[in-house]
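As the structure is a prediction and not an experimental result, all values here were calculated from the model.
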Amino acid sequence: SYDPLRRLLSPCYAADCGAGCGLDGGQSALDLRPSGAYGGSQEASAGVEKLARGGGDAMAVAVLDKHAIDAMLEGFFDAYNRHDIEGVLDHCTEDLRWEDPTAGVLHGKPAVRKALGTVFRAFPDMSFAKNENVYFLSFDATRAASSWRLTGTMAGMLDPPGYAPTNGPVDIRGMCLYELRDGLISHHTIVFNMIDLGRQIDALPPPGSLMDKMSVRLQRMKAGRKNR
């Protein structure tokens, strides 16, 4: 019997399975990607649309949503790489909540606009490696995630908190979590290793160094006072 969930998650049973989906043998609906950078098949997309119209299948609708959300996130990162602050914010709702380890929790576009300006001044050549961005979408298309790699040079002041430029490279990996509403980002959470970044910009001592050992002793002294 025809199982639409299995049909969408696994390769086609056969070219003559009778589902009328338009996918060729060996192709899965979830193998589809938008046109452009992702490639993709217009015939296969039409097949998924048939499934969505004919059976109201939630998975088929999720695949269609994935096309639009993939494109939105691509545009979001493209604006980042251009250092186009307004372009970044165009992909977000007016009541945006933005959580960044370096800036804290920000509410609304004006606060995010200011924070992005600070970052772009500190790292004027920062960019996300396009071929290392990977996107994930929840089945109900209300949440998404992306993994990324960011590189750049700390050529300007990072203020706040007030770190001086090192003119040295940074190379960090992280991920973003998104809550989506009406095709836009309403809640953006950035996650990465702050200790790694701190060491790359000389804000934290190298592991095993004298300063690192002194910071360990200082932490133990503070913890001892708290535990008395």
Problem - Donor on one side chain, acceptor on other, Ser127 and Tyr80, under 3.5 Å - result: no
Completion exercise
Between Ile172 and Asp196 the two heavy atoms that sit nearest each other are CG2-OD2, 4.1 Å
Problem - pair Gln200-Met154: side-chain heavy atoms closer than 4.5 Å - result: no
Problem - Full working for side chain to side chain contact (heavy atoms under 4.5 Å, CB included) between Met72 and Leu180 - result: CA-CA 11 Å; Met72 185 272 289; Leu180 308 172; 3.8 Å; yes
Exercise for the section: Verify the distance criterion only: is there a donor paired with an acceptor across the side chains of Asp171 and Thr151 at less than 3.5 Å? Expected result: no
Practice task
May I ask you to decide whether Asp78 forms a salt bridge with Lys130, counting only side-chain N to carboxylate O separations under 4.0 Å?
Solution key: yes
Exercise for the section: May I ask you to say whether Glu179 pairs ionically with Arg97, meaning some side-chain N is under 4.0 Å from a carboxylate O? Expected result: no
Handout entry: Lys109 side chain vs Leu89 backbone, donor-acceptor pair below 3.5 Å
Key = yes
Completion exercise
One should read off an interatomic distance between Leu218 CG and Met214 CE, to the nearest 0.5 angstrom, of 8.5 Å
Problem - Heavy-atom side-chain contact between Cys176 and His188 under 4.5 Å - result: yes
Practice task
State, to 0.1 Å, how close Pro124 and His83 come at their nearest heavy-atom pair, and which atoms those are.
Solution key: O-CE1, 2.9 Å
Handout entry: Close side-chain approach of Ser146 to Phe76, heavy-atom, < 4.5 Å
Key = no
Exercise for the section: Grab the two heavy atoms, one from Ala79 and one from Val88, that are nearest each other, plus how far apart they are. Expected result: CB-N, 3.5 Å
Exercise for the section: Could you tell me whether the side chain of Thr142 and the main chain of Ser138 form a donor-acceptor pair under 3.5 Å? Expected result: no
Exercise for the section: Could you pull out the closest heavy-atom pair between Val119 and Met126, with the gap in Å? Expected result: CG1-SD, 3.4 Å
Exercise for the section: Sort and list the pairs that fulfil ring pair (Phe, Tyr, Trp, His ring centres under 6.0 Å) and have at least one residue in residues 145-168, not counting sequence neighbours. Expected result: Phe128-Trp148
Handout entry: Side-chain donor or acceptor of Thr166 paired with backbone N/O of Gly168 under 3.5 Å
Key = yes
Practice task
For ring pair (Phe, Tyr, Trp, His ring centres under 6.0 Å), just list the numbers for Tyr178 and His91, CA-CA rounded to whole Å, side-chain angles, deciding distance to a tenth of an Å, and then say yes or no.
Solution key: CA-CA 11 Å; Tyr178 313 93; His91 295 82; over 10 Å; no
Exercise for the section: Answer whether the closest heavy-atom distance between the side chains of Arg199 and Asp212 falls below 4.5 Å. Expected result: yes
